[in-house]
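Structure first, commentary second.
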2 protein chains.
Amino acid sequence: MAPTKAPDSSRRSDRSRRAIHDAALALVTEVGYRRTTIEGIAARAGVGKQTIYRWWPSKAAVLMDAFLDLAGRSAEGAGSGGEAQSDEAAQGIPDTGDLVADLKLVLRATVDELNDPVLEAPTRALTAEGIVDAKLGAEFVHRLLDPQLALYVTRLRAAQEAGDVRAGVDPRIALELLIGPLMHRWLLRTLPLTHAYADEIVDYAVGGLAPRP
Amino acid sequence: MAPTKAPDSSRRSDRSRRAIHDAALALVTEVGYRRTTIEGIAARAGVGKQTIYRWWPSKAAVLMDAFLDLAGRSAEGAGSGGEAQSDEAAQGIPDTGDLVADLKLVLRATVDELNDPVLEAPTRALTAEGIVDAKLGAEFVHRLLDPQLALYVTRLRAAQEAGDVRAGVDPRIALELLIGPLMHRWLLRTLPLTHAYADEIVDYAVGGLAPRP
DNA sequence: CCCGCGAGCCGATACGTATCGTCTTGCAAG
DNA sequence: CTTGCAAGACGATACGTATCGGCTCGCGGG
């Protein structure tokens, strides 16, 4: 009956947790997701296998936590000092009044992140895993993607109030018009992902969202 | 030196090939990609393991051929009688002169395909594998995606000549404005993928591509 | 025309390796 | 003294390779 009672997290070793995160990220970028094994992570982290199995249900879960930890750490110091969440999440999308310029700025930054060799392998691995595993995918979307997308919703709503976007447009759909093409090209590698591409997407998309004359 | 000489394909058993295709597709939809094994496929198909290893380099390659075979078979009879390639590939995108209506028709059909439970599991598995494995991804794009996308390019060029799309627009980018959001929502399961969504995407995208007044 | 023969794919299965997830053992931190 | 921890033994799969007869071809001598 006892549903495998949870271990006492207050006694958990932070040192081991971090070592496991680092080892997981390093292995994924070095040998790829398929060939990173739990045993390999444990060995590299100087940790017993059981310590991993005690705290995480799967290899993907380890990588997800490691990735979130990485994103959180790289954002520290960029925020106003409090609890930053992620690079963009901490500061939001700028609102200079020029919607096109603001979006280009953010989408260019997204392009740079996607092309960053350090982030590429873990991001691809998690995305791919989420595509096949609905449960993990939901967690990925909820913990990583949704917070980012919420920023677009905010900025697009402001644009609607400013009259740059038609009132009837659903921000959730407008946002996908921007992000979708970027992700599509990155995921499927159909063509190179460049700043110029991001700019064109913004130009076309905003054109379709603007009020009819 | 002899680079593992290729087997004689003229003596290949078509019966085994088809049995392997069917078993692979069935297992992927039944137990998921991760838990379909080469041994499982061989057992289900009533085939020796070596027969699979002789003709395919990996589990993903088996599934890719099986999927292409499935797509090809389901399109037979729909084409003009000759060598049909795929449902849409055989007939192309209609050109009634109404760009919005034509695109909605095709994107709705794509939505239906993506929501088809028979096609969903193999498509997700192949896409996910291609995201992580660049070599396989390139093959996936080349054999499956590019032929489909070429149809959009054709239709969009016609729209440019008809004056429905600005002359400066690159069809390869315009097409991603349509397909990208659809794939993004389907892959990441952010929100349900419906006909209404396809319609809105077409409305917004075409609005952004149309000539400036 | 016919039959024997070698080549090669086929189903089947044994083999050694790798990874999995669980379980056990001491040890040291709390 | 309780419990997480490092280390690793353990059975269970799945991997990819190597053979083994059995069967079906194509070919060439009779």
Side-chain angles (χ1 to χ4, degrees), chain A residues 1-24 26-28 30-66 125 128-129 132-133 135-136, chain B residues 2-24 26-28 30-66 125 129 132-133 135-136:
Chain A
M1 276 304 150
T4 314
K5 56 186 172 188
D8 182 351
S9 61
S10 72
R11 306 186 61 161
R12 182 171 183 180
S13 161
D14 214 61
R15 193 184 179 292
S16 297
R17 205 193 84 252
R18 289 173 175 274
I20 290 165
H21 284 176
D22 293 345
L27 282 176
V28 165
E30 282 174 22
V31 307
Y33 180 72
R34 301 309 292 269
R35 283 187 295 187
T36 72
T37 69
I38 299 275
E39 288 181 327
I41 295 171
R44 157 92 76 134
V47 145
K49 277 169 62 178
Q50 192 60 35
T51 300
I52 297 181
Y53 282 111
R54 179 153 37 230
W55 300 109
W56 290 279
S58 68
K59 179 171 66 171
V62 175
L63 194 58
M64 172 109 79
D65 281 357
E129 202 67 11
V132 166
D133 179 348
K135 187 170 161 51
L136 188 89
Chain B
T4 316
K5 56 187 172 188
D8 182 351
S9 60
S10 71
R11 307 189 56 169
R12 182 170 183 180
S13 162
D14 214 60
R15 193 186 178 292
S16 298
R17 206 193 83 255
R18 288 172 175 273
I20 290 166
H21 284 176
D22 294 344
L27 281 175
V28 165
E30 282 173 25
V31 306
Y33 180 71
R34 302 310 291 270
R35 282 185 297 187
T36 69
T37 68
I38 299 274
E39 288 182 328
I41 295 170
R44 157 91 76 136
V47 144
K49 277 169 62 178
Q50 195 57 241
T51 300
I52 297 182
Y53 282 111
R54 177 152 40 226
W55 300 109
W56 290 280
S58 70
K59 179 169 68 169
V62 175
L63 193 59
M64 171 108 83
D65 281 358
E129 202 68 11
V132 167
D133 179 349
K135 186 170 161 51
L136 188 89

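FYI, side chains are in, hydrogens and waters are out, and symmetry mates aren't considered; it's all heavy atoms of this structure. Lettering follows sequence order; numbering is per chain, from 1.
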> Within 45 degrees of the axis of the six-membered ring of B:W55 and under 6.0 Å from its centre: does B:R17 put its NZ or CZ there?
Replying inline: no
> Can you tell me how far P of C:dT13 sits from CD1 of B:I52, to the nearest Å?
Replying inline: 15 Å
> Separation of B:Y53 atom OH from C:dT13 atom C1', in whole Å?
Replying inline: 14 Å
> Counting only heavy atoms not in B:R15, do more than 12 sit closer than 6.0 Å to its CZ atom?
Replying inline: no
> Which ones in residues 30-38 of chain B lie close to DNA chain D, meaning a heavy atom under 4.0 Å from one of its atoms?
Replying inline: B:T37, B:I38
>> Against A:H21, only a single residue in A:L63, A:I41, A:D65 fulfils side chain to side chain contact (heavy atoms under 4.5 Å, CB included); can you say which?
In response: A:D65
> Can you tell if the side chain of B:W56 reaches within under 4.5 Å of the side chain of B:M64, non-hydrogen atoms only?
Replying inline: no
> Considering only heavy atoms from C-beta outward, does the side chain of B:R34 approach that of A:E129 to under 4.5 Å?
Replying inline: yes
>> Treating primed atoms plus P, OP1 and OP2 as sugar-phosphate and everything else as base, which nucleotides of nucleotides 2-10 of chain D get B, S or - for protein heavy atoms under 4.0 Å?
In response: BBSBBB-B-
>> Nearest 0.5 Å, please: how far is CZ in B:R12 from CZ in B:R54?
In response: 10.0 Å
> Counting only N and O atoms by type, is there a donor-acceptor contact under 3.5 Å from the side chain of B:K49 to the main-chain atoms of B:A42?
Replying inline: no
> Stepwise, does the salt bridge (Lys or Arg N to Asp or Glu O under 4.0 Å) test hold for A:R18 with A:D22?
Replying inline: CA-CA 6 Å; A:R18 289 173 175 274; A:D22 293 345; over 6 Å; no
